[in-house]
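Keep in mind that what you see is a predicted model, and the values were worked out from it rather than measured. Because only heavy atoms are used, hydrogens play no part in the values below, and waters and symmetry mates are left out as well, while side chains stay in. Both ligands and their constituent atoms are indexed starting at 1 by order of listing.
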Amino acid sequence: MTTLLHLNSSARLTHSTSRQLTAHFVRQWLHSHPGTKIRTRDLGHYPLPAIDDRWVQAYEAEPSDRSPELHQALHLSDQLIDELLSADLLVLGVPMYNLTIPASLKAYLDQLIRRDRLPATATDPSQSPLCQKRAIVVTSRKFDYRLGSGREGRDFLEPYLRAIFSIIGLSQVHFVHADRLADPDQYHQSLADCRQQLDHLVVSLTAQTAVIPQSAY
Ligand SMILES: Cc1cc2nc3c(=O)[nH]c(=O)nc-3n(C[C@H](O)[C@H](O)[C@H](O)COP(=O)(O)O)c2cc1C
């Protein structure tokens, strides 16, 4: 059975474009794969704590040297890593805030990225426990950041997420951008384009389902 991890990071609880679009993907996916197990995590509504002094002490200690208190400091981080490892497919809603990802998503990534559990695998990405997983990142933003828009150099969201995901070996990442949302003439077209891209992703990922392994956890 496939497990899909559905993450949202918009601070908005209503009228959120990224939430609408990730929900669309999950509905379409379930329509084609009714047996899928869905796990949801709402980073925008239930923000995770920022890492603190004890967390960093625990992170820097060798796992075998950690005291019970230091193990406890990483308990939430361990749960988030287990949750990610148990998923075959991720769909992540990411509004652009001040040219990059929301702080709620950064707090999640800081909790998640641990060299003892998700080692950097730059030399051999196939060794990463995440290398077989696919991620769909749905972004929403007011303006146009596409090539030729004049704003492309200001998108610190997609390059950042691609870099941080590749560090942990999650390289099969598809981005769908709902942009130009400030322009009433473009808004509906942009959303329709995104829904179409998400529908195509359901089809193309379905074709690859045979190579999505059953969760090892
Ligand atoms: C705090 C804040 C910062 C924002 N910064 C940007 C930005 O830098 N660039 C941009 O295009 N839109 C920006 N926006 C607009 C949002 O990206 C846009 O409203 C998007 O639809 C939000 O996603 P959501 O609808 O899922 O909440 C910002 C919105 C907020 C609330």
Side-chain angles (χ1 to χ4, degrees), residues 4-31 36 38-51 80 83-84 87 89-113 133-167 170 172-202 205:
L4 188 161
L5 178 59
H6 180 191
L7 297 157
N8 277 309
S9 60
S10 174
R12 271 190 192 140
L13 300 182
T14 55
H15 308 296
S16 156
T17 302
S18 57
R19 285 177 187 276
Q20 276 178 49
L21 290 170
T22 59
H24 174 85
F25 178 84
V26 172
R27 263 195 313 275
Q28 297 302 102
W29 182 266
L30 274 176
H31 186 69
T36 302
I38 308 289
R39 291 189 162 183
T40 56
R41 185 166 285 280
D42 194 330
L43 303 169
H45 193 35
Y46 300 106
L48 298 170
I51 57 170
L80 296 169
E83 181 179 74
L84 178 66
L89 181 62
L90 269 77
V91 59
L92 179 56
V94 188
M96 179 182 273
Y97 288 164
N98 301 315
L99 306 181
T100 188
I101 63 171
S104 62
L105 178 56
K106 181 63 166 52
Y108 173 73
L109 294 169
D110 285 346
Q111 290 280 353
L112 195 72
I113 293 169
K133 301 184 191 302
R134 273 96 172 144
I136 292 135
V137 178
V138 182
T139 78
S140 52
R141 52 229 197 153
K142 256 187 191 172
F143 302 115
D144 188 355
Y145 293 86
R146 291 173 302 177
L147 207 60
S149 66
R151 282 199 180 86
E152 60 269 26
R154 295 187 171 194
D155 176 0
F156 297 94
L157 188 161
E158 177 172 345
Y160 169 71
L161 284 181
R162 280 198 188 280
I164 204 76
F165 284 150
S166 84
I167 282 173
L170 185 60
Q172 304 192 69
V173 185
H174 306 267
F175 279 82
V176 173
H177 296 296
D179 53 18
R180 299 160 289 147
L181 300 177
D183 180 344
D185 294 335
Q186 304 279 355
Y187 180 87
H188 293 290
Q189 189 57 50
S190 179
L191 291 198
D193 290 349
C194 287
R195 281 192 285 266
Q196 196 178 39
Q197 288 175 53
L198 292 168
D199 294 348
H200 284 152
L201 277 168
V202 170
L205 291 172

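- A donor-acceptor pair under 3.5 Å links the side-chain atoms of S9 to the main chain of G93, judged by distance alone.
- At the shortest separation from atom 26 (O) of ligand 1 among protein heavy atoms lies S18 OG, 2.5 Å.
- Within ligand 1, the atoms closer than 4.0 Å to a non-hydrogen atom of S10 are 24 (P), 26 (O), 27 (O), numbered from 1 in the order shown.
- Of the protein's non-hydrogen atoms, the one nearest atom 12 (N) of ligand 1 is K142 N, 3.2 Å.
- The shortest N or O to N or O distance between R19 and ligand 1 is not under 3.5 Å.
- For ligand 1, one of its N or O atoms has an N or O atom of F143 under 3.5 Å away.
- Protein heavy atom nearest atom 8 (O) of ligand 1, with residue, atom name and distance: L99 N, 2.9 Å.
- With hydrogens and angles disregarded, no donor-acceptor distance shorter than 3.5 Å links the side chain of Y145 to the backbone of E158.
- Side chain of N8 to backbone of S10: no donor-acceptor contact under 3.5 angstrom is found.
- Among protein heavy atoms, atom 21 (O) of ligand 1 sits closest to L181 CD1, 3.5 Å.
- Under a 4.0 Å N-O distance rule, the pair D110/K106 qualifies as a salt bridge.
- Ranking protein heavy atoms by distance to atom 20 (C) of ligand 1, first place goes to S140 OG, 3.6 Å.
- Counting heavy atoms from C-beta outward, R41 and L48 have side chains that approach closer than 4.5 Å.
- Near N98, meaning under 4.0 Å from one of its heavy atoms, ligand 1 places the atoms 3 (C), 4 (C), 5 (N), 6 (C), 7 (C), 8 (O).
- Salt bridge absent: E83 and R39 never bring a charged side-chain N and a carboxylate O closer than 4.0 Å.
- Shortest contact from atom 29 (C) of ligand 1 to any protein heavy atom: Y97 CD2, 3.8 Å.
- Residue, atom and distance of the protein heavy atom nearest to atom 14 (N) of ligand 1 are M96 O, 3.4 Å.
- Within ligand 1, the atoms closer than 4.0 Å to a non-hydrogen atom of T17 are 24 (P), 25 (O), 26 (O), numbered from 1 in the order shown.
- The closest side-chain heavy-atom distance from T22 to I136 is not below 4.5 Å.
- Using a 4.0 Å cut-off between heavy atoms, R141 contacts ligand 1 through both its backbone and its side chain.
- A 4.5 Å side-chain heavy-atom check between V91 and W29 finds every atom pair outside the cut-off.
- Regarding atom 9 (N) of ligand 1, its nearest protein heavy-atom neighbour is Y145 OH, 2.8 Å.
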| request: With side-chain hydrogen bond (donor to acceptor under 3.5 Å, both in side chains) as the test, would you mind laying out the steps for D193 and Q189 before giving the verdict? | output: CA-CA 6 Å; D193 290 349; Q189 189 57 50; 2.9 Å; yes
